[in-house]
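A note on names: the letters A, B, ... follow the listed sequences, proteins ahead of strands, and every chain is numbered from 1. Not measured: the values here are computed from a predicted model.
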Amino acid sequence: MEEGFTRITEGCPQLLELMGGGGNSFRAAEEKKLELKLGLPGGENWLQAKGRKEGLSIDSTLSLGYSSKVAKSNGSKPCAGAKRVFLGAVEPNTEAIQKQQSLERKACGPPVAHAAAAGNAAGSNNSSQTRTASTPVVGWPPIRSFRKNIASTSKPSSESQNGVAETATKLKNDKKGLFVKINMDGIPIGRKVDLKAYNSYEKLSLTVDELFRGLIAAQMDPLAAGSQKNSLDKQAITGLLDGSGEYTLVYEDDEGDRMLVGDVPWDMFVSTAKRLRVLKSSDLSASSLRTVSRKRTATQC
Amino acid sequence: MPPHPEWTAAMFPDEVWEHVFSFLPSDADRNVAAASCHAWLRIERRSRRRVFVGNCYAVAPAVAVARFPEARAVEVKGKPHFADFDLVPGDWGGGADEWVAAMAEGWPQLEELRFKRMVVSDDCLEVIARSFRNFRVLGLAFCEGFSTAGLAAVAANCRNLRVLDLQENVIEDNCSHWLSHFPESFTSLVHLNIACLPGEVNVPVLERLVSRCTNLKTLKLNHAVPLEKLVILLRKAPQLVDLGTGRFSGEHHLDLYSKLESAFTGYKSLKSLSGTWEAVPAYLPAVYSVCEGLTSLNLSYATTQNPELIKLVSRCKSLQRLWVMDFIEDDGLAAVASSCKLLQELRVFPSDPYGPQPVSLTERGLVAISAGCPMLHSVLYFCNQMTNAALIAIALNRPNLTRFRLCIIEPQTPDYLTLQPLDAGFSAIVESCKDLRRLSVSGLLTDRVFKSIGAYADRLEMLSVAFAGDSDAGLHYILSGCKSLRKLEIRDCPFGDKPLLANAAKLETMRSLWMSSCSLTLGACKLLARKMPRLNVEIIDERRGASWDSRPDDCPVEKLYVYRTVAGPRSDTPSCVWTV
């Protein structure tokens, strides 16, 4: 009896190994399989199977009285699997063990590394072996976006202020267009741009030029008539991204910090930019960019 | 049937037959009556008040409106069900504009309008708001394309509106004062569901609205309304029968809890409770006083765990419908099984499908419920593991199941005890549950289960299949059996052209078929379309590459949507859809 009990606790470090990562853990598991062991016939295979399928329950005759109440917390203890010891066995144990043995010999893929991914088909379907718990399939499991966001944003321990419905809408809106405000120094009226409509900083820079060129001209000389206005219009806004022009493009990210546009890959920029601003290059200093307080931003807007 | 229907029909004035037809319980029955002779066709269509259009592309709007000139209530559905899980491109279709235009033209007396999974624009809402003098009920479920500006138009113009039911729509918030557009003289509201609204709600305005609508029975708030505001609203509407709270948390006040508790104590008629986003466990006991009378409880947005969750649910002895997250765990479900003997419908949603913290919800919970709740007939259950034995037990315990949707989260998961496919378990379900109308299968399944489904599931109307089957035989079993099948949706199964073509005629007896990530080819789709002119065969290709006309017949088809229609190919297909 005791040996069997020790076996269970030995199983835990094995599970830790298996959770560590693909190839190495598989080799370790294989080595374990070949090791000579004392104990119940089929006992080693029970551990293998346990390591492979977190959440696999064995009928009570093999549980050896190990209490399932021990790991009650939802913490990611590898031995949480022991919690699911199935009381009131339905299947005769020897049959179950024999089946596991035969299936293990057929098994060709790496064991499931993740605690939550209960039961991959043991070798019977190759495609499922390549799928791990952390790479979900599109549209699976079949739950709507509203619900998906509850799971990730409203964990009891988190203090997310984001409304659940808000996040869900944001997710849906992401597909449609990402309009952010853009203001320019000296121009009281702002514009909005759809970041999704562009795929590069170049295009964004050109658009900013188009959006504000006219406004600057009107600002500088609102009473200008006819030809004079036209000549002012021709002054393009250039050098927004490299600091060479009269103006520089900056943005406010999702942490509230003001950042220079152009440092990160475009996709990352689109997902973190909350608003844009066109500053006079002369107002910039290397140190002032990241330390601009939110209060100052508010008054400027 | 009388031997000479025309002669018999003439014996009585039309009004008598209309009265007779009003007793026919379903549209299907009315359709049969209408088909028996011209007189009955004429009488039936002129007297049909409720029109249901299960697929907005099955018939042209103008034709439907002309056919039933006296319609007062209509429901139209658009996108395929799998659109809920992002499998259908956003611009696929389902626009409501043509329908609204036709209705405005032909049904000025329209009172009730419901759209499900359609794209409804603000323009549509404005037309609706101005076109129907007696408009009473507007229901939009899983729709998109409109904003609060459109809702403002409805609020301002629908003088007799009784029901505004917005269920899980995607709404743009550009008019945060839309509620103010209900005139001060407006008092007819009975049902207001704004749970899916993304923005802030003007609570004082809502308060006034609630106060003057003394017949208000249903009020479902959105996430933006915290507990402090809920308390205020509850005091204005003690007659509510159906309440959806906002978020069940708030700024901590010393007396918030007691205010909440006393507000609920006044609620004698409350039957249904939902909402409860981010439910802070400490506040839950405030609702204990209403638990005894609740018949419907939706905690599926509440992240509360046990034991608070069990404490709450086990007080609800009259519960008929329970929606929860898997935080309830097996223990909780065992408690429900012993406390809620009147339970009819159970839905258990996953809290964190691929997260690192597994929850102890297994097949045992469902078995316990099936054993303890004799009236249970509708199940939606997400879990990580299942056994044939459990499914067999459920089947034997509950032969009265009408809806059984099981989703084992990891695809192709076998019986975790025997490592066998779950064929035996699901076969038991279809064999035992003779009235099964809706079934979703999951886990490791071979063609064998489809043989059983085809053979036994005579009443099955909707079947959802994913990551299952071995070969064409699986699909063939389904299509050649399942006498009552109306909707079939399949993804990621090794089903190919042969069974589709062999059972082409079957497709005309169904509303629709969805197949994605299977083994279909362009050639088969072309053949199908040619063979069955009354089907629209749509190939959906999001890569929007070269024209499908020029591709070879063996080109694989990633997504296929086939539906019967009398309207011919639709004219609003986007670039990602090609009607073969």
Atom CG of Leu380(B) and atom CD1 of Ile143(A): how far apart are they, to the nearest 0.5 Å?
10.5 Å
Report the distance from atom CG of Asp86(B) to atom OG of Ser145(A), rounding to the nearest 0.5 Å.
5.0 Å
Are there more than 12 heavy atoms of other residues, nucleotides or ligands under 6.0 Å from atom NZ of Lys274(A)?
yes
Taking the six-membered ring of Phe349(B) as reference, does the cationic atom of Arg144(A) (NZ for Lys, CZ for Arg) lie under 6.0 Å from its centre and within 45° of its axis?
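No.
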Donor-acceptor pair, Arg491(B) side chain versus Gly139(A) backbone, under 3.5 Å?
yes
Under 3.5 Å, is there a donor-acceptor pair between the side chain of Trp140(A) and the main chain of Ile409(B)?
yes
Under 4.5 Å to a heavy atom of chain A? For Phe82(B) that would be neither
Heavy-atom cut-off 4.5 Å, strictly under: side chain, backbone, both or neither for Asn169(B) against chain A?
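The backbone, not the side chain.
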Tell me the closest heavy-atom pair linking Val137(A) and Phe467(B), and the distance in Å.
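Between these two residues, the closest heavy atoms are CG1-CZ, 3.9 Å.
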Listed by chain and number, what are the salt bridge (Lys or Arg N to Asp or Glu O under 4.0 Å) partners of Arg405(B), not counting sequence neighbours?
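Arg405(B) satisfies salt bridge (Lys or Arg N to Asp or Glu O under 4.0 Å) with no residue once adjacent residues are dropped.
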Please name all residues satisfying salt bridge (Lys or Arg N to Asp or Glu O under 4.0 Å) with Asp423(B), sequence neighbours left out, ordered by chain then number.
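Listed in chain order: Arg448(B).
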